[in-house]
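Below: one structure, written as structure tokens.
Count residues from 1 along the sequence.
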Amino acid sequence: MREILIMSSKVPAELFWITYDCEFTIYYKGCPDDEKAAETTMQLHFSPSMKSITISSSNGFLDFMKIKVAARHVSYRTLFHTILILAFLLPFVFILTAVVTLEGVNKCSSFGCLGRRLGPRLLGRADDSTKLVKDLCKILNQVKTEQIPADLKLPESFHQLVSEMKNNHYDGRTFAIKLKAMMEKFDREIRESKFAELMNKHFAATAIPKGLHCLSLRLTDEYSSNAHARKQLPSPELLPLLSDNSYYHFVLATDNILAASVVVTSAVQTSLKPQKIVFHVITDKKTYAGMHSWFALNPLPPAIVEVRGVHQFDWLTRENVPVLEAIESQHGIRDYYHGNHIAGANLSETTPRSFASKLQARSPKYISLLNHLRIYLPELFPNLDKVVFLDDDVVIQRDLSGLWEIDLEGNVNGAVETCNGEDEWVMSKHFHNYFNFSHPLISKSLNPDECPWAYGMNIFDLRAWRKTNIRDTYHLWVKENLKSNLTLWKLGTLPPALIAFRGHVHQIDASWHLLGLGYQNKTNIESVKKAAVIHYNGQSKPWLEIGFEHLRPFWTKYVNYSNDFVRNCHILEP
């Protein structure tokens with residue numbers, strides 16, 4: 001006689017399979033300590049003559065079944081195979097039947113009920129985990145509002161928590177308290193790390209990289225020692241073309257020599273008519289010598305490049321720009337942009353996204369005269385009718401002569417609107433993203449759902465501009481923001497321009513200007529390739545270490561890394 005023991009994790013049981021002569025007998029007994037389990041015995045009996053099979057159960061679930069075998073009609077070989085198959089299948093049926101019986105399935109009046117109970121077992125599934133999760137959720141809800149003890153010692157990792165549970169035999173509540181405390185601790189640490197990352201990124205974005213500083217110093221020194229670096233730009237015979245309206249005039253205001261070289265180089269190389277391009281590069285007094293040296297030593301014929309410093313424009317006097325003088329000199333304003341950016345900020349109540357926005361608004365560039373210069377274009381270029389103004393963080397990838405063919409329909413500013421895109425950083429904005437509508441002056445003057453437009457690549461009709469009061473409106477609102485202690489808006493020059501140009505903006509196709517390459521690294525590469533102008537607005541400029549690696553090549557392809565000044569200053573290479 002052989003004996004096989006089979007245990008059930010749900011209902012402990014013993015199964016004895018006894019074979020003797022020509023008889024099989026299968027017994028199933030429920031555990032004596034099971035409240036529901038009266039003793040259950042199931043038998044499969046083969047008669048010695050092999051002419052009958054009897055199936056019986058002591059609990060009444062299978063009352064009685066007797067199968068007679070007619071030897072005259074069935075061969076012993078067929079009978080043997082039948083018995084062999086039954087010997088393998090019936091034990092499993094009996095086991096499942098017995099287990100279900102002990103669990104109360106006999107109370108089910110339908111066949112479907114039995115199927116619902118047997119199904120999970122036949123598929124190897126059980127509902128223990130569901131009950132366990134419900135119990136755990138109940139415990140977690142109980143401790144959700146409880147305070148964490150100040151002296152509670154927390155595990156350093158999940159592995160340590162599991163080890164402590166096993167060694168100290170935690171109950172459910174203790175486990176939940178420890179888990180809650182660990183989650184809160186990790187959340188605090190992540191927030192602190194995120195804010196520290198944002199501050200470091202802000203400092204990296206506003207600082208001048210050593211390579212760019214080196215380039216400016218070396219070129220300035222070259223201006224003083226090399227006559228070729230001081231040669232007139234453009235040459236005297238080309239000066240009349242600076243005011244010739246049959247040419248394509250671009251204006252670029254920047255103190256970044258390398259960025260300026262990329263803008264001009266990319267525009268010339270992608271133009272179908274480079275001989276018709278005139279670039280007016282405006283810089284500040286400290287950068288003028290270096291900027292002049294660069295374009296004098298690295299000309300881009302047949303395009304014409306003019307370099308001028310703000311000090312060379314007679315119109316840009318303090319009397320004509322009193323608002324800008326106030327911005328640059330007022331102690332409170334300078335402290336706002338150059339002071340402690342965390343002072344007064346409650347990091348526990350603000351989000352990293354909101355904090356990043358505030359840091360971006362405190363970029364020192366927003367009190368630079370170069371950043372406000374575009375509002376004075378009609379006065380700076382009194383003989384020009386139409387210009388395209390470019391920021392220094394753009395790259396031109398396609399011929400832009402078509403911009404001069406766009407009919408602005410009497411408007412002053414041709415720009416891409418920024419309220420219809422999916423990019424939440426730049427292209428899905430409305431006025432409420434830029435202005436403080438809790439201020440009564442803003443709420444009564446503006447519509448929070450109005451669609452803004454983008455600075456960075458704008459076609460300006462200077463003739464139409466001169467017939468408006470755009471500049472005066474700009475000055476008025478900048479003064480109001482100063483008087484309100486910078487509470488009307490956070491972000492530099494765009495908000496007052498949005499107000500000043502209201503009613504004077506013509507929407508151009510979005511393919512002309514793709515923004516956001518300095519904000520987030522999810523920019524669609526195919527969209528970047530198709531855009532006429534790509535704009536690295538945001539902190540992650542391509543000339544900085546924090547620039548996005550997969551977006552940087554679109555910019556670096558226009559950097560001349562073989563240039564002696566670029567090479568000697570170890571400018572960031574691709």
Between [X] and [Y], is there a donor-acceptor pair closer than 3.5 Å when you use the side chain of the first and the backbone of the second?
{"X": "S224", "Y": "D221", "value": "yes"}
{"X": "N433", "Y": "H430", "value": "yes"}
{"X": "T473", "Y": "A500", "value": "no"}
{"X": "N411", "Y": "L408", "value": "yes"}
{"X": "S540", "Y": "G547", "value": "no"}
{"X": "S261", "Y": "L258", "value": "yes"}
{"X": "K276", "Y": "S246", "value": "yes"}
{"X": "Q397", "Y": "V528", "value": "yes"}
{"X": "D187", "Y": "M183", "value": "no"}
{"X": "Q269", "Y": "S266", "value": "no"}

State, yes or no, whether a side-chain contact exists between [X] and [Y] at a heavy-atom distance under 4.5 Å.
{"X": "I534", "Y": "V394", "answer": "no"}
{"X": "V426", "Y": "K429", "answer": "no"}
{"X": "W543", "Y": "T556", "answer": "no"}
{"X": "L498", "Y": "F431", "answer": "yes"}
{"X": "I525", "Y": "L551", "answer": "yes"}
{"X": "F554", "Y": "L517", "answer": "no"}
{"X": "L462", "Y": "D385", "answer": "no"}
{"X": "N226", "Y": "L297", "answer": "yes"}

Once you round to the nearest 0.5 Å, how far does [atom1] of [X] lie from [atom2] of [Y]?
{"X": "R502", "Y": "L446", "atom1": "CZ", "atom2": "CG", "value": "5.0 Å"}
{"X": "W294", "Y": "T283", "atom1": "CH2", "atom2": "OG1", "value": "14.5 Å"}
{"X": "K483", "Y": "N481", "atom1": "NZ", "atom2": "CG", "value": "11.0 Å"}
{"X": "L400", "Y": "W512", "atom1": "CG", "atom2": "CH2", "value": "6.0 Å"}
{"X": "L377", "Y": "F460", "atom1": "CG", "atom2": "CZ", "value": "6.0 Å"}
{"X": "C214", "Y": "I571", "atom1": "SG", "atom2": "CD1", "value": "7.0 Å"}

Checklist line | K541 NZ/CZ over Y536 ring centroid, <6.0 Å and within 45° of normal | finding: no
If I compare all heavy atoms of [X] with all of [Y], which pair ends up nearest, and what's the gap?
{"X": "A259", "Y": "N256", "value": "N-OD1, 2.9 Å"}
{"X": "I257", "Y": "S216", "value": "CD1-CA, 3.8 Å"}
{"X": "V533", "Y": "M457", "value": "CG2-CG, 3.8 Å"}
{"X": "N537", "Y": "G516", "value": "OD1-N, 2.6 Å"}
{"X": "N383", "Y": "S243", "value": "CB-CB, 3.8 Å"}
{"X": "F437", "Y": "S443", "value": "O-CB, 3.4 Å"}

Taking the basic N atoms (NZ, or NE/NH1/NH2) and the acidic carboxylate oxygens, is any pair closer than 4.0 Å for [X] and [Y]?
{"X": "R567", "Y": "D564", "result": "yes"}
{"X": "E379", "Y": "R466", "result": "no"}
{"X": "D461", "Y": "K386", "result": "no"}
{"X": "D391", "Y": "R374", "result": "yes"}
{"X": "E306", "Y": "R308", "result": "yes"}

Can the ring centroids of [X] and [Y] be said to lie less than 6.0 angstrom from one another?
{"X": "H249", "Y": "F279", "answer": "no"}
{"X": "H292", "Y": "Y223", "answer": "yes"}
{"X": "F501", "Y": "W465", "answer": "yes"}

If we ignore angles and hydrogens, is there a donor and acceptor under 3.5 Å between the side chains of [X] and [Y]?
{"X": "N413", "Y": "N458", "value": "yes"}
{"X": "D255", "Y": "T287", "value": "no"}
{"X": "Y474", "Y": "H372", "value": "yes"}
{"X": "D509", "Y": "S511", "value": "yes"}
{"X": "N436", "Y": "S438", "value": "yes"}

Within 6.0 angstrom of [X] [atom1], more than 12 heavy atoms from elsewhere:
{"X": "E237", "atom1": "CD", "answer": "yes"}
{"X": "K530", "atom1": "NZ", "answer": "no"}
{"X": "K286", "atom1": "NZ", "answer": "yes"}
{"X": "H550", "atom1": "NE2", "answer": "yes"}
{"X": "I208", "atom1": "CD1", "answer": "no"}

Item checked: Derivation of the side-chain contact (heavy atoms from CB on, under 4.5 Å) call for I277 and I304 -> CA-CA 6 Å; I277 288 181; I304 299 169; over 6 Å; no
Item checked: H475 vs Y376, ring pair (Phe, Tyr, Trp, His ring centres under 6.0 Å): CA-CA, chis, key distance, verdict -> CA-CA 11 Å; H475 283 176; Y376 305 112; 5.7 Å; yes
Note to self: Pair Y248, V278 - check side-chain contact (heavy atoms from CB on, under 4.5 Å), show working.
What the structure shows: CA-CA 6 Å; Y248 305 131; V278 177; over 6 Å; no
Note to self: Which label fits W477 and W489: parallel for a plane angle under 30°, tilted from 30 to 60°, or perpendicular past 60°?
What the structure shows: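 Taking W489 first and then W477, their aromatic rings sit tilted (interplane angle of 30° to 60°).
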Check: Going through the distances and angles, do T254 and V263 end up as a side-chain contact (heavy atoms from CB on, under 4.5 Å)?
Finding: CA-CA 11 Å; T254 179; V263 175; over 6 Å; no
Next item on the list: Decide yes or no on side-chain contact (heavy atoms from CB on, under 4.5 Å) for D244 and L241, but give the supporting numbers first.
Entry: CA-CA 5 Å; D244 188 337; L241 301 180; 3.9 Å; yes
